[in-house]
Amino acid sequence: MALITCSKLSIGYEREIICSDLNFTVEQGDYLCIVGENGSGKTTLMRTLLNLRKPMAGEIITGDGLKPNEIGYLPQQSQVQKDFPASVEEIVLSGCLGRKGRKPFYSAVDRKTVDRNLERLGISALRKKCFRELSGGQQQRVLLARALSATEKVLLLDEPVTGLDTEAALSMYSLIEKFNKENGLTVIMISHDLEASLKYATHILNIGEKIFFGTKDEYLAWTRGESAEEAGVGAEAPAEDAGTPAEAGAEPPAEAEVQHE
Amino acid sequence: MSDMFTTLAYYFSFPFVRYAVIVGLLIALCASLLGITLVLRRFSFIGDGLSHVAFGAIAVGAVMGLSNNMILTLPVTIICAVLLLRTGQNTKIKGDAAIAMLSVGALAIGYLLMNVFSTGPNVSGDVCSTLFGSTSILTLTSSEVWLCFILSLIVVVCFVLFYNKLFAITFDEDFAKATGTNASLFNLIIAVLIAVIIVLAMNLVGSLLISALVIFPALSAMRIYKSFRAVTIFSAVISVICAFLGIIISILAGTPVGPTIVAADIAAFLACSAIGRIAGKY
């Protein structure tokens, strides 16, 4: 069974559906990029996956022993955090909180987890530093360390490189890639950056007017078909096939059908 | 100098003065603890709004001839606190507008009721002491002092137990929720604790000045310290010191208690800003 299976999922808020009939699966070790135009519901989809919002229809099934709260999250930076008095250590520790249940205080195990994650992200030296005085890249690393303290299974990232300079963005991408390849961390990332998505992702989910889910190669084939269709050249049949993958007999829908059973 | 101590010793020989000091310090401590969360979540004005609601409730209580106002004030304030903190999330009327609406509404209705159904000969005096808490802290009975003591103890214990969760929710509510912390439950607890503190603090500084007790210590501490723990501890310390100084000065100089404490808080804030600025430069 896949880690996360979404079947006939509709997302939106206040009775308004933004995006409907999403079918996709995420397997252990996948690197899924969610792309789409502004307002197509990428962030809403992420919030739905995180249980912050109820699906409007359809369902999200977690499998392989993944509990709903074992999904780590790297948010877009919010305004509140910018003047927040908090040390790096305090923030990374707060990642451990979710699995503590009713226990009020952190244990030695939690502190070890934090040590390890600070070490892995190369920010041990910043431990006592104030979060708001760090550079954008450092802040993202701290938040990544917090997410890893919460879970080592699935990580959701909402535009992780927004506002970072090229160098910081590259090192962020390669860090995420490292955790994906070496530690088997499943990555789901919202991205504006199509180029990077295509470089790192194994699967792509395109939402908006046209919905597509498949591996990277299938996505490339699909976009070629789309642009061919727009340009009015190329065979009609394959473009149609790719345009409605949910009904078509291509590989991803077959996968989705298996999940339905 | 020795005069001062004689005066103080004389005042402290009265049990009600000692009660007032103890209760005052406890209230200042509780108010400062929750202040940090409120300031950081952009809810600085919630204390103000709630205290006006409490004022309205007191007016209703006075009209109904209740001898112990707390019976009515506490539940009403708690309900309003829960409603207000909930509006922050998703409603038609935004948080700040809701607070402003409730706050002035309760104030107006409260004064209207007190005026129309006046029970005492000196309405404006009554209103003034409710708003600015001029003498009420010195007229506490020992049962009220115990109630204050127990309630503040509960607030402090809750704060310590929920400290880590409070931090997580304040820093990033979405993350806390997504990783399995029951954020709505803790928001509810925060709302109830705030309401309790407001009602307690009415005795000390009156309903118009409560916000000062809640926000000044947190803001002062945030000028100097940069970790949540340090800010928490320092704001508690500075709040207790200011309350103590304020009470002592008000006894010695015969000034009203509430405004004197707030003046001490303002002075502390200015001092902390200066220290923060100097420390920031080097």
Side-chain angles (χ1 to χ4, degrees), chain A residues 13-14 43 46-53 67-106 110 127-134 142-143 146-147 149-151 154 156 158, chain B residues 35-44 88-92 95 157-186 189 217-235 272 276 279-280:
Chain A
Y13 41 83
E14 300 199 1
T43 300
M46 187 148 283
R47 293 180 66 82
T48 312
L49 287 175
L50 286 167
N51 280 324
L52 295 174
R53 199 173 271 297
K67 295 187 202 110
N69 66 354
E70 282 180 324
I71 301 179
Y73 175 43
L74 187 69
Q76 279 179 323
Q77 293 242 322
S78 73
Q79 208 57 42
V80 170
Q81 289 169 7
K82 289 198 173 129
D83 64 345
F84 203 98
S87 69
V88 168
E89 189 176 21
E90 287 177 316
I91 292 170
V92 179
L93 257 176
S94 78
C96 302
L97 195 68
R99 59 184 132 91
K100 302 214 59 77
R102 280 158 200 263
K103 282 184 219 135
F105 305 113
Y106 296 118
D110 297 326
R127 171 186 281 270
K128 298 285 174 199
K129 283 262 161 39
C130 173
F131 181 73
R132 64 173 182 229
E133 289 172 356
L134 302 179
V142 173
L143 295 182
R146 175 182 67 163
S149 301
T151 177
V154 184
L156 263 67
D158 192 351
Chain B
I36 305 157
T37 305
L38 292 183
V39 167
L40 289 171
R41 300 177 85 184
R42 305 288 181 264
F43 274 135
S44 297
Q89 286 147 22
N90 47 357
T91 40
K92 298 264 152 61
V157 169
C158 284
F159 183 83
V160 172
L161 283 181
F162 301 142
Y163 168 82
N164 288 322
K165 297 198 159 65
L166 215 58
F167 169 80
I169 293 171
T170 311
F171 181 70
D172 189 342
E173 188 167 337
D174 283 347
F175 183 88
K177 264 190 199 160
T179 52
T181 301
N182 189 344
S184 1
L185 173 70
F186 285 98
I189 293 175
L219 288 174
S220 305
M222 280 162 64
R223 294 305 113 189
I224 300 182
Y225 289 97
K226 283 162 184 170
S227 80
F228 197 74
R229 182 173 296 249
V231 167
T232 307
I233 295 170
F234 186 71
S235 76
C272 289

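We name chains A, B, ... by the order of the sequence lines, and we start the count at 1 in each one.
Within the 4.5 angstrom heavy-atom criterion, only backbone atoms of A/I71 (N, CA, C, O) approach chain B. If you measure heavy-atom distances from A/E133 to chain B, the contacts under 4.5 Å come from the side chain alone. In this structure, chain B has heavy atoms under 4.5 Å from both the backbone and the side chain of A/I91. With a 4.5 angstrom heavy-atom cutoff, B/F175 touches chain A via backbone and side-chain atoms both. The part of A/K103 that comes within reach of chain B is its backbone (N, CA, C, O), which places non-hydrogen atoms under 4.5 angstrom from that chain.
Between A/L97 and B/K165, some side-chain heavy-atom pair lies under the 4.5 Å cut-off. The shortest side-chain heavy-atom distance between A/F105 and B/N164 falls under the 4.5 Å cut-off. Between B/L40 and A/P85, the closest side-chain pair of non-hydrogen atoms falls below 4.5 Å.
Counting heavy-atom pairs closer than 4.5 Å to chain A, the top-ranked of the candidates B/V231, B/T181, B/D174 is B/D174. Interface remark: of the candidates B/V39, B/V160, B/I36, B/V160 forms the most heavy-atom pairs closer than 4.5 Å to chain A. Most heavy-atom pairs under 4.5 Å with chain B, from the set A/G72, A/A147, A/A86, A/S87: that is A/A86. Note on A/T151, A/L50, A/L52: by heavy-atom pairs under 4.5 Å with chain B, the leading option is A/L52.
For residues 221-228 of chain B, heavy-atom neighbours of chain A at less than 4.5 Å comprise B/M222, B/Y225, B/K226, B/S227, B/F228, sorted by residue number.
The aromatic rings of B/F167 and A/F84 sit perpendicular to each other, their planes meeting at more than 60°, with 30° as the lower class boundary.
Around the CZ atom of B/R229, the shell of radius 6.0 Å holds no more than 12 heavy atoms that belong to other residues, nucleotides or ligands.
The distance from atom OG of A/S94 to atom CD1 of B/I169, rounded to the nearest 0.5 Å, is 10.5 Å.
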